[in-house]
Asker: 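Encoded as structure tokens, here's the structure I'll be asking about.
The figures that follow rest on heavy atoms only: side chains count, while hydrogens, waters and symmetry mates do not. Numbering starts at 1 and runs along the sequence shown.
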Amino acid sequence: VVATDPEHEDRVVRELGQPLSRNQTDDEVELSIPVTNGWLWRRRLYQLGTRARLVGPEELRTQVRQELWDYVAASP
């Protein structure tokens, strides 16, 4: 599940794929987007930067968090 501002929804869908479900609140949209290629999906998520926030599942959040920590630790 990825959360985004309504103004960024089209770009998030374009980058990450069509959602299986969509839930809109007053200030954001939550999109349930299937991950078929984890490596590519994460790269596209990173490119979106602050336009998208990974809500779940927790296993994917943990994987993304660890990958980012590893990247930071390896950077000079």
Side-chain angles (χ1 to χ4, degrees):
V1 177
V2 176
T4 188
D5 291 335
E7 66 188 79
H8 300 302
E9 181 178 1
D10 288 342
R11 175 148 185 210
V12 170
V13 169
R14 205 169 41 249
E15 295 292 331
L16 299 179
Q18 287 296 320
L20 298 175
S21 64
R22 178 184 185 278
N23 182 35
Q24 183 161 0
T25 63
D26 289 337
D27 56 349
E28 70 179 7
V29 178
E30 286 191 353
L31 305 167
S32 179
I33 301 173
V35 178
T36 55
N37 179 328
W39 182 86
L40 182 60
W41 195 90
R42 290 190 313 275
R43 294 304 168 280
R44 290 178 176 169
L45 176 68
Y46 301 153
Q47 289 175 344
L48 289 167
T50 60
R51 290 180 289 268
R53 180 173 55 88
L54 183 57
V55 177
E58 191 57 39
E59 179 181 329
L60 183 57
R61 287 173 46 90
T62 300
Q63 187 177 22
V64 166
R65 190 178 305 116
Q66 185 61 53
E67 191 171 64
L68 292 173
W69 277 114
D70 292 346
Y71 176 79
V72 169
S75 297

Asker: Can you sort out the partners of Asp70 under side chain to side chain contact (heavy atoms under 4.5 Å, CB included), two or more places apart, ordered by chain and number?
Answerer: Gln66
Asker: Mind checking side chain to side chain contact (heavy atoms under 4.5 Å, CB included) for Thr25 and listing every partner two or more places apart, or none if nothing turns up?
Answerer: Asp27, Glu28
Asker: Any salt bridge (charged side-chain N to carboxylate O under 4.0 Å, His left out) pairs touching residues 36-45, not counting sequence neighbours?
Answerer: Arg42-Glu67, Arg43-Glu67
Asker: Check Arg51 with Glu7, please: is the shortest side-chain N to carboxylate O separation under 4.0 Å?
Answerer: no
Asker: Using a 4.5 Å cut-off between side-chain heavy atoms of Ile, Leu, Val, Met, Phe, Trp and Tyr, which other residues end up in the same hydrophobic cluster as Leu45?
Answerer: Val2, Val12, Val13, Leu16, Val29, Leu31, Ile33, Val35, Trp41, Tyr46, Leu48, Leu54, Leu60, Val64, Leu68
Asker: Tell me who clusters with Trp39, hydrophobic residues only, linked when side chains sit under 4.5 Å apart either directly or through other members.
Answerer: Leu40
Asker: CZ of Arg22 to CD of Glu9: how many Å apart, nearest 0.5 Å?
Answerer: 4.0 Å
Asker: Which pair of heavy atoms, one from Pro34 and one from Gln18, lies closest together, and at what distance?
Answerer: CD-O, 3.6 Å
Asker: Side chain to side chain contact (heavy atoms under 4.5 Å, CB included) with Thr62: which residues, sequence neighbours excluded?
Answerer: Glu58, Arg65
